[in-house]
Amino acid sequence: QVQLVESGGGLVQTGGSLRLSCAASGRTFSTYAMGWFRHTPGKEREFVAAINWSGGSTYLADSVKGRFTISRDIPKNTVYLQMNSLKPEDTAVYYCAADLRYRTYRDYVSPLQYGHWGQGTQVTVSS
């Protein structure tokens, strides 16, 4: 079993920055990918970013390319989301997710691919 705990959310002004952290604990030896999703009431859960755990290749939603960066610290079993140039449209609850299954094909952007989720952290960007 894997437990995920997010932190780092908060209230910032347009153009500001935040760094979200997601620390994984438990049976992390089989982690293949970790990702960030966000949800706003009335909207579908949206893919933000993902990272392949072993190789470190990254995947970003078009809406955040050039502004957000996903990274990982393998010894700490932690994934980060550095968010720069924040916009009001980025306001959401951000969730960390982990995929512990081997797959011949991996769809990093689909929330259905991730079996473990954190509790979420609120990010609010004021106008």
Enquirer: If every non-hydrogen atom of L4 is compared with every non-hydrogen atom of H116, which pair is closest and at what distance?
Expert: CD1-O, 3.4 Å
Enquirer: Say whether R27 and Q1, considering side chains only, have a donor N or O and an acceptor N or O under 3.5 Å apart.
Expert: no
Enquirer: Provide the closest heavy-atom pair for A33 versus R106 in the form atom of the first, atom of the second, distance.
Expert: CB-CD, 3.9 Å
Enquirer: Going through the distances and angles, do L81 and T69 end up as a side-chain contact (heavy atoms from CB on, under 4.5 Å)?
Expert: CA-CA 6 Å; L81 185 67; T69 302; over 6 Å; no
Enquirer: Go through the side-chain N and O atoms of S71 and D73 and say whether any donor and acceptor fall under 3.5 Å apart.
Expert: no
Enquirer: Please answer whether the main-chain N or O of G55 pairs with a side-chain N or O of S57 as donor and acceptor at a distance below 3.5 Å.
Expert: no
Enquirer: With sequence neighbours left out, what residues match F37 under ring-ring contact (aromatic ring centres under 6.0 Å, His included)?
Expert: F47, Y114, W117
Enquirer: If you apply the rule side-chain contact (heavy atoms from CB on, under 4.5 Å), what do you find for T121 with V93, and how did you get there?
Expert: CA-CA 5 Å; T121 184; V93 177; over 6 Å; no
Enquirer: Under the rule for ring-ring contact (aromatic ring centres under 6.0 Å, His included), what residues qualify as partners of Y80, not counting sequence neighbours?
Expert: none
Enquirer: So, taking the atom named CH2 in W36 and the one named CD1 in I70, what distance separates them when rounded to the nearest 0.5 Å?
Expert: 8.0 Å
Enquirer: Check N84 against S17 and note the closest heavy-atom contact, atom names and distance.
Expert: OD1-OG, 2.9 Å
Enquirer: Can you tell me how far CE of M83 sits from CZ of R38, rounded to the nearest 0.5 angstrom?
Expert: 9.0 Å
Enquirer: Is it true that a side-chain atom of Q119 and a backbone atom of E6 form a donor plus acceptor pair closer than 3.5 Å?
Expert: yes
Enquirer: How long is the straight-line distance from OG of S21 back to CD of Q82, given to the nearest 0.5 Å?
Expert: 9.5 Å
Enquirer: Could you name each residue pair satisfying disulfide bond (SG atoms under 2.5 Å apart) that touches residues 62-127, not counting sequence neighbours?
Expert: C22-C96
Enquirer: Identify the heavy atoms of L20 and G9 that sit nearest to each other, and give their distance.
Expert: CD2-N, 3.5 Å
Enquirer: In Å, rounded to the nearest 0.5 Å, how long is the span from OG1 of T31 to CZ of R101?
Expert: 14.0 Å
Enquirer: Let's go through D107 and R103 carefully: what are the C-alpha distance in whole Å and the side-chain angles of both, what is the deciding distance for salt bridge (charged side-chain N to carboxylate O under 4.0 Å, His left out) to 0.1 Å, and is it a yes or a no?
Expert: CA-CA 9 Å; D107 183 1; R103 304 177 189 272; over 6 Å; no
Enquirer: How many angstroms lie between atom CG of L60 and atom NZ of K65, to the nearest 0.5 angstrom?
Expert: 7.0 Å
Enquirer: Return yes if some donor-acceptor pair links the side-chain N/O of T14 with the main-chain N/O of S126 below 3.5 Å, else return no.
Expert: yes
Enquirer: Using the rule given for side-chain contact (heavy atoms from CB on, under 4.5 Å), can you reason through L100 versus Y32, listing the C-alpha separation, both sets of side-chain angles and the distance that settles it, and then say yes or no?
Expert: CA-CA 6 Å; L100 274 60; Y32 286 92; 5.5 Å; no
Enquirer: Please round to the nearest 0.5 Å and tell me the distance separating atom OG of S63 and atom CD of E46.
Expert: 4.5 Å
Enquirer: How would you list all residue pairs meeting ring pair (Phe, Tyr, Trp, His ring centres under 6.0 Å) that involve residues 53-73, not counting sequence neighbours?
Expert: Y59-Y108
Enquirer: Would you say V5 ends up clustered with Y95 if hydrophobic residues are merged whenever their side chains have heavy atoms under 4.5 Å apart, either directly or through other cluster members?
Expert: no
Enquirer: Using modelled atom types and a 3.5 Å cut-off, is there a donor and acceptor pairing between side-chain atoms of T40 and backbone atoms of T91?
Expert: yes
Enquirer: Holding to side chain to side chain donor-acceptor pair (under 3.5 Å), I want the full list of residues that pass it with S85, two or more places apart in sequence or in another chain.
Expert: none
Enquirer: Can you run down the disulfide bond (SG atoms under 2.5 Å apart) pairs that involve residues 59-93, sequence neighbours left out, and say none if there aren't any?
Expert: none
Enquirer: When hydrophobic residues are tied together by side-chain contacts of less than 4.5 Å, even through go-betweens, does L18 share a cluster with L11?
Expert: no
